[in-house]
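A note on names: the letters A, B, ... follow the listed sequences, proteins ahead of strands, and every chain is numbered from 1. Only heavy atoms go into these numbers, but all of them, side chains included; no hydrogens, no water, no symmetry mates. Model, not experiment: these values are computed from the prediction.
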2 protein chains.
Amino acid sequence: MSSSVQRKRIRKSPEARRAEIVATAARVALTEGLECVTLRRVAEELAVRPGLISHYFPSAEDLVAAAFAVAALGELDALLPAERPDGTPAQYLARYFALSSGAAYDDISRLWINARHLSRYRPVLRDVVTRMELASDDRLETLILDGVARGEFRTDDARSAAIQILVVLDGLGAHANSDRTDRPPAVTRLALSTAERALDLPHGTLDAPGATGTLPLAFSPTEAAEAAVASEMAGAAGTPGAAEGTGAGEAVGDA
Amino acid sequence: MSSSVQRKRIRKSPEARRAEIVATAARVALTEGLECVTLRRVAEELAVRPGLISHYFPSAEDLVAAAFAVAALGELDALLPAERPDGTPAQYLARYFALSSGAAYDDISRLWINARHLSRYRPVLRDVVTRMELASDDRLETLILDGVARGEFRTDDARSAAIQILVVLDGLGAHANSDRTDRPPAVTRLALSTAERALDLPHGTLDAPGATGTLPLAFSPTEAAEAAVASEMAGAAGTPGAAEGTGAGEAVGDA
DNA sequence: GATGCTATTGAGTGTGCGACCAATAAGCAA
DNA sequence: TTGCTTATTGGTCGCACACTCAATAGCATC
């Protein structure tokens with residue numbers, strides 16, 4: 001007995017190890033919840049000792065915040081890509097709504113509920129949540145402005161429209177842990193009808209089949225995407241032009 | 001030193017002690033969060049030993065669920081009373097929206113975020129959350145049906161309208177732990193405009209000053225109300241007509 | 001092949017949690 | 001007043017957590 005499962009140390013570069021840790025933490029956060037992002041849990045996942053995680057994240061709160069940042073940004077990119085080469089804004093918006101009503105979206109809803117709750121007690125996480133909310137607002141606002149420029153949408157306040165849509169999506173996602181069968185159609189479509197109203201679109205314009213055109217409905221942020229996301233976070237970390245991050249950003253970014 | 005703060009035991013009837021425990025737990029849940037509803041915390045609050053709390057709630061999860069049930073039902077009664085002797089449905093609905101945008105509502109939003117998240121891991125709490133969601137739906141649906149009967153509202157699906165309104169309120173409340181200044185007016189009014197649309201009301205009908213008539217905007221569920229709520233929970237506890245509750249209800253109700 | 005840097009380990013600290021249980025005493029009934 | 005029921009205590013156990021730090025061993029460099 002007591003066959004030590006691993007006797008050989010594997011020594012990696014700090015950058016590689018840190019990226020690995022954050023990616024693992026993000027995966028745990030998304031599938032099991034931010035409370036499960038513990039030193040022990042992440043260490044076990046990577047087959048290393050908990051002390052090593054502490055070495056890279058002297059404060060566990062930074063790790064949790066980084067995990068959320070990476071997971072949330074990865075999902076945002078999957079749902080509402082920053083680059084949209086393959087279709088019109090209306091098609092991407094329709095795709096967004098289509099994905100948002102799928103079962104895979106439940107994980108993201110759960111993650112956001114989790115983060116919003118936990119941010120009550122954890123200031124570092126709260127900062128990241130705020131930043132991710134702004135990032136979502138920006139992303140959708142940009143899409144809407146693009147659609148307005150092309151004449152697809154009509155609104156005099158793209159940001160307000162974006163926030164209204166996201167608020168409704170938050171409301172629909174709030175029940176991700178409860179049973180939501182027997183929801184009336186008007187409720188299921190609430191995000192769509194809010195968008196249609198805010199963007200002055202005819203009823204049904206954004207409904208899934210057809211409206212997405214040839215856009216792929218695939219929904220799987222890869223690990224590569226998450227790594228890219230991590231470096232993106234590094235850039236966006238601190239308050240404008242500062243070298244000192246706000247904890248999480250710093251945790252993800254520096255090395 | 002070491003003046004034992006309390007040397008004399010105070011022996012109470014099981015009913016009184018249980019009610020006291022649940023009321024305290026509900027207060028802790030509302031002000032500090034459901035994670036703070038621990039045996040030790042509640043015991044300290046009541047100046048008793050933790051073992052006593054265990055005696056009344058052999059499983060801590062039941063205590064948490066009971067705390068949420070009492071807190072949430074108390075708040076529901078304060079926001080959307082079951083009895084409405086002092087005004088019209090429209091006035092009570094306007095009052096509801098007025099209260100829902102006040103700062104005091106943040107505590108309730110936080111509680112719901114908390115419960116929805118925690119219910120991911122705690123089945124007993126999940127049941128209570130589901131029941132409380134249904135109770136909210138029912139309460140608002142009844143109000144709407146009443147308004148329709150009086151000719152104040154117009155809708156062919158009162159429940160759908162109720163759920164739509166509540167979903168939007170959930171979405172707005174989701175950010176109770178983040179910063180929400182600089183929200184566009186269209187977002188702040190989103191619940192109202194959703195209601196106006198769903199109930200076929202002219203714009204502005206439900207806005208706060210004036211629309212509430214002489215209705216008091218006071219918002220303070222008393223301890224007495226919470227006690228009443230506790231006994232109400234006892235009645236609504238089990239699945240229809242059963243003596244055995246589903247854990248939380250049982251915890252609140254039996255004696 | 002030897003050397004130095006440092007990533008990684010192993011062991012330990014302290015805290016807070018739920019759960020358990022025998023001993024104790026409060027207060028009601030005889 | 002006496003006795004009995006049981007509400008309440010006090011103490012303990014095991015677990016999971018974050019955090020600390022000296023010792024160890026990869027691995028790049030010379």
Trainee: Find the distance B:Phe57:CZ to C:dC20:P and express it as a whole number of Å.
Mentor: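 The answer, rounded to whole Å, is 16 Å.
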Trainee: Whole angstrom is fine here: how far is it from OH in B:Tyr56 over to C1' in D:dT9?
Mentor: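 From B:Tyr56 OH to D:dT9 C1': 13 Å.
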Trainee: Whole-Å distance between C:dA7 P and A:Ile10 CD1?
Mentor: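 Rounded to the whole Å, the gap is 16 Å.
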Trainee: Quick check: on DNA chain C, is the nucleotide nearest B:Arg11 upstream (toward 5') of the one nearest A:Leu52, or the reverse? Name the residue that is more 5'.
Mentor: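 Taking each residue's closest nucleotide, the earlier one in sequence belongs to A:Leu52.
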Trainee: Touch check for B:Pro50, heavy atoms < 4.0 angstrom, all strands: base, sugar-phosphate only, or nothing?
Mentor: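 The answer is nothing, as B:Pro50 stays clear of every strand by at least 4.0 Å.
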Trainee: Quickly work out the B:Lys12 NZ to D:dT8 P distance and round it to whole Å.
Mentor: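 After rounding, the reported distance stands at 8 Å.
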Trainee: Listing time: all N or O pairs from protein to nucleotides 14-17 of chain D that are below 3.5 Å?
Mentor:
from, atom 1, to, atom 2, distance (Å)
D:dC17, N4, A:Arg40, NH2, 3.3

Trainee: Using whole Å, report how far CD1 of B:Ile53 lies from P of D:dA7.
Mentor: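 Spelled out: CD1 on B:Ile53 to P on D:dA7 is 14 Å.
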Trainee: Could you grab the distance from atom CD1 of A:Ile113 to atom CG of A:Leu34, nearest 0.5 Å is fine?
Mentor: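 Here the interatomic distance stands at 11.5 Å.
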Trainee: Could you tell me how far apart B:Ile21 (CD1) and D:dT8 (P) are, to the nearest whole angstrom?
Mentor: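 Answer to the nearest Å: 8 Å.
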Trainee: If you check every side-chain atom of A:Lys8, which of D:dA7, C:dA7, D:dG26 has the closest atom?
Mentor: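 Closest nucleotide among those given: D:dG26.
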Trainee: Heavy atoms under 4.0 Å, any strand shown: does B:Ser13 hit a base, just sugar-phosphate, or nothing?
Mentor: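 The answer is nothing, as B:Ser13 stays clear of every strand by at least 4.0 Å.
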Trainee: At under 4.0 Å, does any side-chain N or O of A:His55 touch on OP1 or OP2 of C:dT8?
Mentor: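 Checking C:dT8 against A:His55, no side-chain N or O comes under 4.0 Å of OP1 or OP2.
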Trainee: So, are A:Arg122 and A:Asp127 salt-bridged, with charged N and O less than 4.0 Å apart?
Mentor: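 Looking at A:Asp127 together with A:Arg122, the answer is no, because their closest N to O distance does not fall below 4.0 Å.
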Trainee: Identify whether the distance between the nearest side-chain nitrogen and carboxylate oxygen of A:Glu20 and A:Arg17 falls below 4.0 Å.
Mentor: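 The answer is yes: the pair qualifies as a salt bridge.
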Trainee: Looking only at side-chain N and O atoms, does A:Glu15 offer a donor or acceptor that is under 3.5 Å from a partner on A:Ser13?
Mentor: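 There is such a pair between these side chains.
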Trainee: For the pair made of CD in B:Glu61 and P in C:dC17, what is the distance, rounded to whole Å?
Mentor: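 In whole Å, C:dC17 P and B:Glu61 CD are 17 Å from each other.
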Trainee: Of all the nucleotides listed (C:dA19, D:dT9, C:dG10), which has the minimum atom distance to the side chain of B:Arg49?
Mentor: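 Ranking C:dA19, D:dT9, C:dG10 by closest atom to the B:Arg49 side chain puts D:dT9 first.
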Trainee: Between the base of C:dT8 and the side chain of A:Arg9, is there any donor-acceptor pair under 3.5 Å?
Mentor: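 Yes.
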Trainee: Could you give the distance from CD (A:Glu35) to NE2 (A:His117), rounded to the nearest 0.5 Å?
Mentor: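 One gets 6.5 Å once the value is rounded to the nearest 0.5 Å.
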Trainee: Distance only, no hydrogens: is a donor on one side chain within 3.5 Å (strictly under) of an acceptor on the other, for A:His175 and A:Arg183?
Mentor: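 Their side chains do contain a donor-acceptor pair, which is all the 3.5 Å distance test asks for.
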Trainee: Can you tell me which residue among B:Leu140, B:Asp137, B:Thr142 is in a side chain to side chain contact (heavy atoms under 4.5 Å, CB included) with B:Arg159?
Mentor: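 The side chain to side chain contact (heavy atoms under 4.5 Å, CB included) with B:Arg159 is passed solely by B:Asp137 among B:Leu140, B:Asp137, B:Thr142.
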Trainee: CG of B:Leu46 versus P of D:dT9: gap in Å, rounded?
Mentor: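 Whole-Å distance recorded here is 10 Å.
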